[in-house]
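Worth saying up front: this structure is predicted, and the values here are computed from it rather than measured. Both counts, for ligands and for their atoms, begin at 1 and track the order of listing.
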Amino acid sequence: MSFVAEFGALPQETLLKFAGSAIATTVRGAAAKSRLTLADFAVLISPAASELLEPLCRRSQALTQQRFGKVIRLFAPLYLSNECVNNCKYCGFSRDNPILRVTLSVDEVLREARALKEQGFRNILLVAGEHPRFVSKDYLADCVRALHDEFPAISLEVGPMETEDYLPIVLAGAEGLVVYQETYDRAIYSDLHTAGPKRDFNWRLETPERAYTAGFRRIGIGALFGLADWRFEALCVAAHADYLLRNCWKAQLTISLPRLRPSAGEFEPLARITDRDLVQLVCAFRLMFPDVGLVLSTREPAKLRDGLVPLGITLMSAGSHTEPGGYTGAGKEHLHRTERGRIVELGASEWATSNGGARHATGQFDIADERSPQEVADRIRHLGYEPVWKDWDAALTA
Ligand code: SF4
C-alpha cells in the first residue's frame with residue numbers, strides 16, 4: 001500500500017484533538033516512552049508541551065548525542081537552473097514571475113561545485129526548478145557524473161520523476177533525493193499550485209517511494225512551514241516519515257524544517273509558526289524518530305540556528321546561494337528574462353537596471369543566515385560540536 005492510501009486513512013481530526021486536549025501529565029508520559037506513536041507525537045506538539053519545553057529540549061539533546069554524537073554535517077545547495085514550468089504562489093521561480101533565469105552547463109556546474117569544494121564542502125545538494133526541457137534526466141545524470149569523483153555525497157532536489165528516469169541519475173552516483181510535499185493540506189495545495197505538473201498532489205506524495213525503488217539511499221522529506229497550520233503539517237510529516245521507515249527501511253531518512261522566506265512574487269505566509277514552535281517541533285521529531293536526521297537551512301537566522309545546534313539538528317547548510325551561478329557568477333552570459341514562461345529579450349538599459357545593476361539570475365528566496373561556511377563551522381566548534389564536511393564515501397561500500 002502506498003503512502004497515498006495510508007495518508008487517506010490517517011485520523012487527522014483525532015490526532016489534532018490529542019494535540020488540543022493534552023495536559024502536562026500526558027506530555028510527560030509521551031516524552032518518557034522509548035517508542036512513540038503518532039498520538040504521542042501529537043501530544044508533544046501540543047500547547048501543553050510548549051509549557052514543558054525545557055525538559056523536552058534536554059531529552060531531545062540527550063537522545064541526539066546518544067544517536068549521532070556531537071556532530072553537525074554540513075552541506076551546500078548548488079542551484080543548477082531556475083527555469084520552472086510550475087506556478088507555486090510562494091516561490092520566486094514560479095513560471096509567471098518575470099525574473100532572470102538560466103540553466104548552467106555541466107562545465108559551469110563543475111565550476112560552482114569546485115568553489116564549494118574550496119570552502120570545504122564534500123556534501124552537495126543539486127537544486128533545480130522543474131523544467132523537463134532544460135533539467136532533463138540526462139542533464140542531471142551528466143551533472144552528477146561530472147561531480148562524482150570530487151564529491152562523495154551528492155543529493156538532488158528537483159522535479160519529481162518516474163522511477164526509471166531516476167535510474168541513470170542513481171547510476172551516475174547520486175545517493176540522495178529530497179522532496180518536500182510543501183503542504184499536506186489538499187485544499188491549500190490545490191489553491192497554491194495553479195499551473196504545471198506539480199498540481200498533482202498524489203504524484204508528489206509518492207515521490208519518495210519511487211526514489212527508493214530507483215535506489216536512492218538517502219531520502220529527505222518535509223513541509224514548507226507557513227502554508228498551513230504547523231501542527232497539522234507536522235503530524236502529516238511524522239505520518240509520512242513513519243510510513244517510509246516501515247516501507248523504505250534500507251534508506252536513511254531526513255526531515256527538513258523549512259519556514260517560508262521572502263521571494264520574488266512577494267507571497268505572504270498563510271499560517272504563523274514562531275521560533276518557539278520551531279524549537280518544539282525539533283524536539284518532537286527527535287523524540288519520535290531518534291535516528292532520523294533533522295535538517296536546518298540558512299532560511300533561519302544565525303542566532304536561532306546556533307541555538308538549535310545542540311537540540312536535535314544533525315545536518316545544516318551554510319553559505320548558501322539560491323540562484324544558479326551564485327558561487328562563481330557562472331552562466332551570466334546566458335541569462336534571459338521570462339514573462340509567463342516566454343523569453344523576453346532585454347535591452348542594454350534593462351540589463352543595467354535589473355537586479356539592482358548586477359547581472360545574475362534571480363534567487364529562489366532570501367536567506368537569513370549570511371555567515372560564511374567557515375564562520376558557521378567555527379561557531380559549531382565553539383558550541384562543542386564537530387562540523388563534518390563529508391561523512392560518506394561510496395568507495396567504502398564498493
Ligand atoms: S517550488 Fe519548485 S516547482 Fe514550484 S515554482 Fe518553485 S522551483 Fe518551481
Side-chain angles (χ1 to χ4, degrees), residues 77-104 109 125-137 139-140 143 155-162 165 177-186 188-208 210-211 220-228 233 256-270 295 297-299 317 320-326 331 336-343 361-367:
L78 195 172
Y79 278 71
L80 309 175
S81 171
N82 59 357
E83 306 279 358
C84 196
V85 294
N86 294 307
N87 265 336
C88 308
K89 287 184 183 172
Y90 49 85
C91 178
F93 292 171
S94 278
R95 186 194 68 186
D96 286 356
N97 282 347
I99 62 167
L100 292 178
R101 301 187 193 255
V102 72
T103 301
L104 301 183
V109 171
L125 176 68
L126 304 182
V127 187
E130 182 168 359
H131 202 305
R133 189 152 59 89
F134 294 104
V135 188
S136 65
K137 67 175 191 301
Y139 167 77
L140 291 170
C143 289
S155 295
L156 286 94
E157 187 181 339
V158 297
M161 297 179 182
E162 298 283 0
D165 290 341
L177 190 95
V178 174
V179 58
Y180 305 147
Q181 188 61 26
E182 319 292 14
T183 175
Y184 285 79
D185 183 308
R186 285 183 183 271
I188 294 176
Y189 187 98
S190 167
D191 183 51
L192 291 175
H193 301 101
T194 56
K198 193 166 172 181
R199 284 185 58 71
D200 189 337
F201 182 97
N202 288 351
W203 165 252
R204 192 166 187 87
L205 199 60
E206 286 178 330
T207 304
R210 293 196 303 278
I221 62 167
L224 181 54
F225 289 96
L227 301 179
E233 299 285 28
S256 300
L257 304 156
R259 291 194 291 183
L260 261 177
R261 291 286 301 153
S263 66
E266 297 178 0
F267 181 83
E268 288 293 326
L270 303 175
V295 187
S297 78
T298 53
R299 288 172 179 265
S317 52
S320 305
H321 280 266
T322 70
E323 72 277 20
H336 55 269
R337 178 170 153 144
T338 60
E339 284 181 13
R340 300 186 64 78
R342 291 175 48 207
I343 293 178
T362 307
Q364 190 177 26
F365 54 84
D366 297 343
I367 63 164

Identify the closest protein heavy atom to atom 4 (Fe) of ligand 1: which residue and atom is it, and at what distance?
Cys88 SG, 2.2 Å

State, to 0.1 Å, how close Arg261 and Arg299 come at their nearest heavy-atom pair, and which atoms those are.
CD-O, 3.1 Å

Contact atoms of ligand 1, heavy-atom distance to Gly129 under 4.0 Å
7 (S)

Among non-hydrogen protein atoms, atom 3 (S) of ligand 1 lies closest to Asn86 ND2, 3.3 Å

Starting from atom 2 (Fe) of ligand 1, what is the nearest protein heavy atom, named by residue and atom, and what distance separates them?
Lys198 NZ, 3.8 Å

Is Thr207 reaching over with its side chain to a backbone N or O of Trp203, donor-acceptor style, under 3.5 angstrom?
yes

Hydrogens and angles aside, do Glu83 and His336 bring a side-chain donor and acceptor to less than 3.5 Å of each other?
yes

Using the side-chain hydrogen bond (donor to acceptor under 3.5 Å, both in side chains) rule, pick out the option among Glu130, Lys198, Arg95, Arg199 that qualifies with Asn86.
Glu130

Which ligand 1 atoms, with their elements, are less than 4.0 angstrom from a heavy-atom of Ser94?
5 (S)

Heavy-atom check, side chain of Arg204 versus side chain of Tyr189, under 4.5 Å
yes

Answer with yes or no whether the side chains of Thr322 and Tyr79 bring together a donor and an acceptor at under 3.5 Å.
no

To the nearest 0.1 Å, how far is atom 8 (Fe) of ligand 1 from its closest protein heavy atom, and which atom is that?
Cys84 SG, 2.2 Å

Verify the distance test for Cys91 against atom 6 (Fe) of ligand 1: any N/O/S atom under 2.8 Å, yes or no.
yes

